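Keep in mind the model is a prediction, meaning the values are calculated, not measured.
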Amino acid sequence: QVSLAAQHGFAKDLAAGQFDLAWARARDGPTADAVAAMREAICAYRRTGAYLGVPAQLADLGETLGGAEAPEEGATLIDEALERAATTGERWYVAELLRRRGGLRLRIPGCDARMAEHDCLDGLKAAREQGALLWALRAARDLARIWSARGDRSRAMDLLAPILGRFT
């Protein structure tokens, strides 16, 4: 994608491809270079006037920062992604944004786990409203982990069982 986009002058596709490559590098270890490349690719993408997909890119960067011991900044980026989704109407990823913010909040020292729990509950609600079974499963899984850590395993199982039962 990157070489073809560069060859033909497709700036939006080039920036999207560069973001994906930087994100893949960051998955191997969130180095400063990979994070910088992700930031630059998002800026390049935005300069083209494109906006679809930016919330997902911000979430990927936010989660990468969480893995690089900057969960507060990561959660802030997801807040920005949620604002962009509300402004643009790009709602397809909201359930996942909420779930990811919940996960980042759990990594913030001193953060109340109930905030993460509310994010996962809101993400689960959004997923159910959209009929997005994968997003519902991911939100339920993270919520079940929170409840399990609190010692409420039966509640966690009661949440997961019906969702898992929908998969064949």
Side-chain angles (χ1 to χ4, degrees), residues 16 19-32 34-35 37-39 41-42 51-168:
F19 178 85
D20 291 343
L21 287 173
W23 176 78
R25 279 198 339 260
R27 300 284 294 174
D28 289 335
T31 65
V35 169
M38 290 174 76
R39 288 182 194 276
I42 290 173
Y51 62 88
L52 290 176
V54 170
Q57 289 176 335
L58 291 170
D60 287 343
L61 177 57
E63 204 163 64
T64 298
L65 288 168
E69 303 308 319
E72 298 95 342
E73 186 179 355
T76 299
L77 283 171
I78 293 183
D79 289 340
E80 180 185 339
L82 285 162
E83 288 172 21
R84 288 186 66 80
T87 300
T88 64
E90 185 182 356
R91 309 263 323 143
W92 71 273
Y93 206 61
V94 167
E96 185 67 356
L97 292 172
L98 290 163
R99 181 197 70 81
R100 286 174 135 190
R101 185 175 66 184
L104 286 167
R105 284 183 170 169
L106 287 174
R107 299 191 59 156
I108 298 171
C111 186
D112 187 347
R114 288 178 294 196
M115 293 174 67
E117 180 179 1
H118 288 299
D119 280 339
C120 290
L121 282 166
D122 290 345
L124 181 58
K125 179 182 176 195
R128 285 178 171 160
E129 287 171 357
Q130 292 179 331
L133 189 56
L134 176 61
W135 299 148
L137 176 62
R138 292 176 69 139
R141 176 204 59 204
D142 288 4
L143 187 55
R145 285 179 179 160
I146 292 169
W147 290 347
S148 239
R150 259 196 335 232
D152 202 349
R153 290 178 177 231
S154 64
R155 186 177 181 197
M157 291 301 295
D158 289 344
L159 174 68
L160 284 172
I163 296 172
L164 288 171
R166 293 189 58 199
F167 287 88
T168 58

Are the side chains of [Y] and [X] in contact, using a 4.5 Å heavy-atom criterion?
{"X": "L159", "Y": "L124", "answer": "yes"}
{"X": "L97", "Y": "P55", "answer": "yes"}
{"X": "L61", "Y": "W23", "answer": "no"}
{"X": "R25", "Y": "P30", "answer": "no"}

Nearest-0.5 Å distance, [atom1] of residue [X] to [atom2] of residue [Y]:
{"X": "I108", "Y": "M115", "atom1": "CD1", "atom2": "CE", "result": "7.5 Å"}
{"X": "L133", "Y": "I163", "atom1": "CG", "atom2": "CD1", "result": "7.5 Å"}
{"X": "L98", "Y": "L82", "atom1": "CG", "atom2": "CG", "result": "5.0 Å"}
{"X": "E96", "Y": "D60", "atom1": "CD", "atom2": "CG", "result": "9.0 Å"}
{"X": "L104", "Y": "L65", "atom1": "CG", "atom2": "CG", "result": "8.5 Å"}

Looking at [X] and [Y], what are the two nearest heavy atoms and their distance?
{"X": "D158", "Y": "P162", "value": "O-CD, 3.1 Å"}
{"X": "A127", "Y": "A95", "value": "N-CB, 3.7 Å"}
{"X": "A16", "Y": "Q57", "value": "CA-NE2, 4.4 Å"}

Subject >> Plane angle bin for Y93 and W135 - parallel if under 30°, tilted between 30 and 60°, otherwise perpendicular >> reply: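 It falls in the perpendicular class, over 60°.
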**OP:** Test side-chain contact (heavy atoms from CB on, under 4.5 Å) on T87 and R84 and set out the steps.
**Re:** CA-CA 5 Å; T87 300; R84 288 186 66 80; 5.6 Å; no
Could you tell me whether [X] and [Y] have a side-chain N and a carboxylate O separated by less than 4.0 Å?
{"X": "R114", "Y": "D112", "value": "yes"}
{"X": "R107", "Y": "E73", "value": "no"}
{"X": "K125", "Y": "D122", "value": "no"}
{"X": "D79", "Y": "R101", "value": "yes"}

Subject >> Side-chain donor or acceptor of E90 paired with backbone N/O of G53 under 3.5 Å >> reply: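 The answer is yes, because a donor-acceptor pair under 3.5 Å joins these two groups.
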**OP:** Please confirm whether the backbone N or O of P71 pairs with a side-chain atom of E63, one donor and one acceptor, at under 3.5 Å?
**Re:**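 Between the backbone of P71 and the side chain of E63 there is no qualifying donor-acceptor contact (under 3.5 Å).
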Original post:
Regarding E117 and W147, is there a side-chain donor-to-acceptor distance under 3.5 Å anywhere?
Top reply: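 Yes, a side-chain donor-acceptor pair sits under 3.5 Å.
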Subject >> Worked check of side-chain contact (heavy atoms from CB on, under 4.5 Å) between C120 and I146 >> reply: CA-CA 9 Å; C120 290; I146 292 169; 4.2 Å; yes
**OP:** Kindly write out the residues that satisfy side-chain contact (heavy atoms from CB on, under 4.5 Å) with R153, not counting sequence neighbours, or none if the list is empty.
**Re:**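 Only S148 meet the side-chain contact (heavy atoms from CB on, under 4.5 Å) criterion with R153.
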Original post:
What do the steps show when you test R145 against D142 for salt bridge (charged side-chain N to carboxylate O under 4.0 Å, His left out), and what is the final call?
Top reply: CA-CA 5 Å; R145 285 179 179 160; D142 288 4; 3.8 Å; yes
**OP:** Evaluate the criterion side-chain contact (heavy atoms from CB on, under 4.5 Å) for residue pair D119 and R99; output intermediate values, then yes/no.
**Re:** CA-CA 6 Å; D119 280 339; R99 181 197 70 81; over 6 Å; no
**OP:** Sort out for me which residue in I78, L77, L58 forms a side chain to side chain contact (heavy atoms under 4.5 Å, CB included) with R100.
**Re:**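 One option only clears the test, and that one is I78.
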